[in-house]
Amino acid sequence: GARALASPSSQASRESGAHVTHRWPRVCDTMREFVLPYKPEELLAQPGDDRLWAQDLPPVDEWSQQQAGKALDGLVGKLLSSGGRAIASEQHFSLIFALLQAWPRLDDATRPRLVDLLVDASRRIVGEAEKLKSGSAKQKDKDALHGVRTAAKVAVFFLKWAADRVLKQAPEAALAAGRGRGKGARRGAPGDAEQEAALEEAKEIQRALEKSRCAVLGELLSLIGKGSMPALWLGEPAAWQQVAQYVSDAGFIILESADAFKHRETRHSALKCIAEPLVQEGHQHSNLLVAAVSKLMHGLRGNDGGASFAADVLHATHSTPLPRLFLVELPSHCNAAELSSQGAFQRALATFLVAVTEKLPHVVLSNISILLPLLDVDCYPLRSAIVESIGVLLSSEGKKLPSGAHCAEAPADSGAADMAAEPAEEGADAEAAKAADKGAAVAHFTIAISTKKDLLDTLMTRSLDKSVWVRYRVLQTLCGLASNRQAALPRDQWSRVLEIATRRMQDSATMTRKASMQLCRTLIEHHPYGPALQGSGDERAKAQQLLQEVAARFQKLQAEEAAEAEKPSKVDLCIVVGGFNSSNTTHLLEIAEEEGVPGYHIDTAERLGRGSSPNSIEHKPLSTTPADAMQERGLVVKEGFLPEGHITVGVTSGASTPDAQVGEVLEKILQWKNGK
């Protein structure tokens, strides 16, 4: 910021080649009204009233670096003398507007100077607001308040625009330097010193860019929440609504920049920009809440880290209606038709549900009736996430909640004796008493006995789910609950869980059988009142015998798997069901052909019977590109693809293909082979 704040000499200002002449406003000058636009381009049209707009823009595209520098030097001096309010004068507004508009064409020296100038102007405006509140300002009246408020709105407008520029700016030099050294490059080779220097320079550019990003987001946050700024906006609710939306939108820009999202401090600053307007009291937040829900949902669809970021936002705003509103909106985006074509969205939803349950178990529990119907959606990653979330809820009992949160669920005293709970840690009651003496209520997550029973019933019912991944997740979750020292699994449910584990030992999927054996072993080791390894004599012998039996069955299972793997393939043909643009599905077809098995890649059951007879299939061969297949080009019709007599058909599908879609393919094939 030293370069931007350097005061120019009067001679340099007179000799400036920028050809910009300004009448610098005094601190007490009355400013023109300013309304924050939806887009910066709206300010290029002259309004019907006397509002501030971008008029007579200087030709910054024609300026040299020296001319732009002199123009900024002249502006810095006036910002210093006016406490930052000169940013809202007509000439200065037009100058900064033109520079931000020409951002992609500005040189690497002018960009950081412009950012430093805006950051410093914002800090001075916040300082002026503090002076007005403390009464140290010379003119503490309505005009002075209006002037500071208008300057703050202009600063918010420019800073949000600058945030959009710097957050989306790619570190081109860093990318070029990263390409200079390959994996096989050796240190000490010719040109190595130059590459090292270029790499170091690229790192420095990246650090400077991250510093600019944090500074811009930080000052946006200051203009709405630092010092006297909240009190300043209370005098004009409509202006606060505009500013709050701008600050929140600036935080969401990070979801559009993969490079900025990687930086922890930048991500934290963006998170605070989103949360601060929502947690401020004394304002109407309905518009902010609606916009936040929409942008978070968009982030789940388009950003690899959108799931964790959305969970962090809900955690930061747990005292607001945002978490509940988002969870209420979520099911409307979870229909099978929409999810089937968006594998990344499925995974993001699953990651988000587990993450938000870990951070805000009390919020998820109070809205569990909204989420449980998602178990009926034909999307196994989503069902698996709900199962895992139920496990997180049951194992989170006793966990401290975020500051200011409270849990609506209260455990019934009558059921306390039924829980295999460990004794409370020594000193826990003393800590609670101290907290109560200090007036700080410590809230912990609790679940009513009846609610816990309902959740366990739902969890165990899913052990019969049609997807092997969901069944596997259920067994893993039950295993974690059984080994939980806080007695997440009630005593009266152990026999039922053991029955489920025994039944799943006959599951068709190897991974599920392994998980069931691990669950049996866990139940034996942690049983609350049965034989335990900590016992002695007959009890210890019984426990060891049970464990040996489980181990023997496990070894037998592994031997069966090895023998099965050695058997030659008996599949006559393979049908791969999934989107034509899915690389995972295409790879499945490659595996079939590598094994010498005829393979057919189709996207829906409607591809069956497309030829002259029902025993025909329209499929995508490996030679056809996904782009052509999506346009119905390059598809091949195979007549008589099902051989006569007894055959074995292998059917597989991509991860995002709905189970119902695969079922339709199987149903058609069976009908034709049976002559129906």
Side-chain angles (χ1 to χ4, degrees), residues 217-218 220-227 229-231 233-234 237 240-241 243-252 254-255 267-297 299-300 306-330 352-371 389 392-393 396-410 432 435-436 438-447 451:
L217 293 173
L220 275 168
L221 191 64
S222 298
L223 284 170
I224 196 173
K226 184 177 180 180
M229 296 307 295
W233 297 117
L234 284 174
W240 182 88
Q241 290 286 344
V243 170
Q245 191 64 65
Y246 255 64
V247 174
S248 178
D249 290 347
F252 280 112
I254 197 171
L255 291 174
R267 193 166 62 249
H268 181 67
S269 298
L271 178 65
K272 293 176 68 176
C273 284
I274 298 170
E276 178 61 28
L278 290 169
V279 299
Q280 281 195 6
E281 299 179 353
H283 298 285
Q284 176 60 249
H285 300 96
S286 56
N287 293 336
L288 278 174
L289 290 168
V290 172
V293 169
S294 176
K295 291 180 183 295
L296 286 174
M297 192 64 66
L300 286 179
S308 60
F309 188 77
D312 289 337
V313 169
L314 297 193
H315 180 260
T317 58
H318 68 88
S319 59
T320 74
L322 179 61
R324 171 170 171 77
L325 288 176
F326 189 78
L327 292 177
V328 169
E329 177 71 15
L330 194 63
F352 164 76
L353 286 172
V354 177
V356 76
T357 306
E358 291 174 347
K359 294 176 181 293
L360 300 172
H362 62 296
V363 174
V364 174
L365 182 62
S366 62
N367 296 279
I368 195 67
S369 60
I370 299 172
L371 300 177
S389 298
V392 172
L393 286 175
S396 296
E397 192 166 19
K399 178 181 178 181
K400 286 186 179 181
L401 298 179
S403 176
H406 67 280
C407 189
E409 289 278 352
K438 293 180 180 179
V442 180
H444 292 79
F445 179 62
T446 56
I447 309 179
T451 304

* Are the side chain of Trp233 and the backbone of Leu223 linked by a donor-acceptor contact shorter than 3.5 Å? -> yes
* To do: Output every pair passing salt bridge (Lys or Arg N to Asp or Glu O under 4.0 Å) with a member in residues 315-325, not counting sequence neighbours, ordered by first then second residue.
  => none
* Structure fact -> On a heavy-atom basis, the closest approach of Val279 and Ala316 is CG1-O, 4.2 Å
* **From Glu397 atom CD to Leu365 atom CG, the distance as rounded to the nearest 0.5 Å** => 10.0 Å
* Partners passing side-chain hydrogen bond (donor to acceptor under 3.5 Å, both in side chains) against Lys359 (at least two apart in sequence or in another chain) -> Asp312
* Pick out which of Leu327, Val293, Val363 makes a side-chain contact (heavy atoms from CB on, under 4.5 Å) with Leu322. => Val293
* Kindly compute the distance separating OG (Ser389) from CD1 (Ile368), expressed to the nearest 0.5 Å. => 7.5 Å
* Structure fact -> Scanning both residues in full, the closest heavy-atom pair of Gly282 with Leu234 reads O-CD2, 4.2 Å
* Asked: So which heavy atom on Leu393 is nearest to which on Pro361, and how close?
  -> CD2-O, 3.4 Å
* Point-to-point distance, once rounded to the nearest 0.5 Å, from CD1 of Ile254 to CG of Leu271 -> 9.0 Å
* **Any side-chain heavy-atom pair of His315 and Val356 under 4.5 Å** => no
* When rounded to the nearest 0.5 angstrom, what distance separates OG1 in Thr446 from NE2 in His362? -> 11.0 Å
* Counterpart residues, side-chain hydrogen bond (donor to acceptor under 3.5 Å, both in side chains), relative to Glu276 (two or more places apart) -> Gln280
* Does Gln241 use its side chain to pair, donor to acceptor, with the backbone of Gln284 at less than 3.5 Å? -> yes
* **Separation between CD1 of Ile224 and OH of Tyr246, rounded to the nearest 0.5 Å** => 13.5 Å
* Please report the closest heavy-atom contact between Leu217 and Cys273, naming both atoms and the distance. => O-SG, 3.3 Å
* **Partners meeting ring-ring contact (aromatic ring centres under 6.0 Å, His included) with Phe352 (sequence neighbours left out)** => Phe326
* Could you tell me which non-hydrogen atom of Ala355 sits nearest to which non-hydrogen atom of Ala311, and how far apart they are? => CB-CB, 3.8 Å
* To do: Using atom types as modelled and distance alone, determine if a side-chain donor or acceptor of Ser248 lies under 3.5 Å from a backbone N or O of Ala244.
  => no
* Asked: Does His318 have any ring-ring contact (aromatic ring centres under 6.0 Å, His included) partners at least two apart in sequence or in another chain, and if so, which?
  -> none
* Structure fact -> CG of Leu255 to CZ of Arg267, rounded to nearest 0.5 Å, is 10.5 Å
* Structure fact -> Taking every heavy atom of Met229 against every heavy atom of Ser222, the minimum-distance pair comes out as CG-O, 3.3 Å
* Any residue meeting salt bridge (charged side-chain N to carboxylate O under 4.0 Å, His left out) with Lys226, in chain and number order, not counting sequence neighbours -> none
* To do: For the residue pair His285 and Trp240, categorise the inter-ring angle as parallel (less than 30°), tilted (30 to 60°) or perpendicular (more than 60°).
  => perpendicular
* Asked: For Lys399, does the NZ atom have more than 12 heavy-atom neighbours from other residues, nucleotides or ligands under 6.0 Å away?
  -> yes
* Within-4.5 Å side-chain heavy-atom neighbours: Leu296 and Ile274 -> no
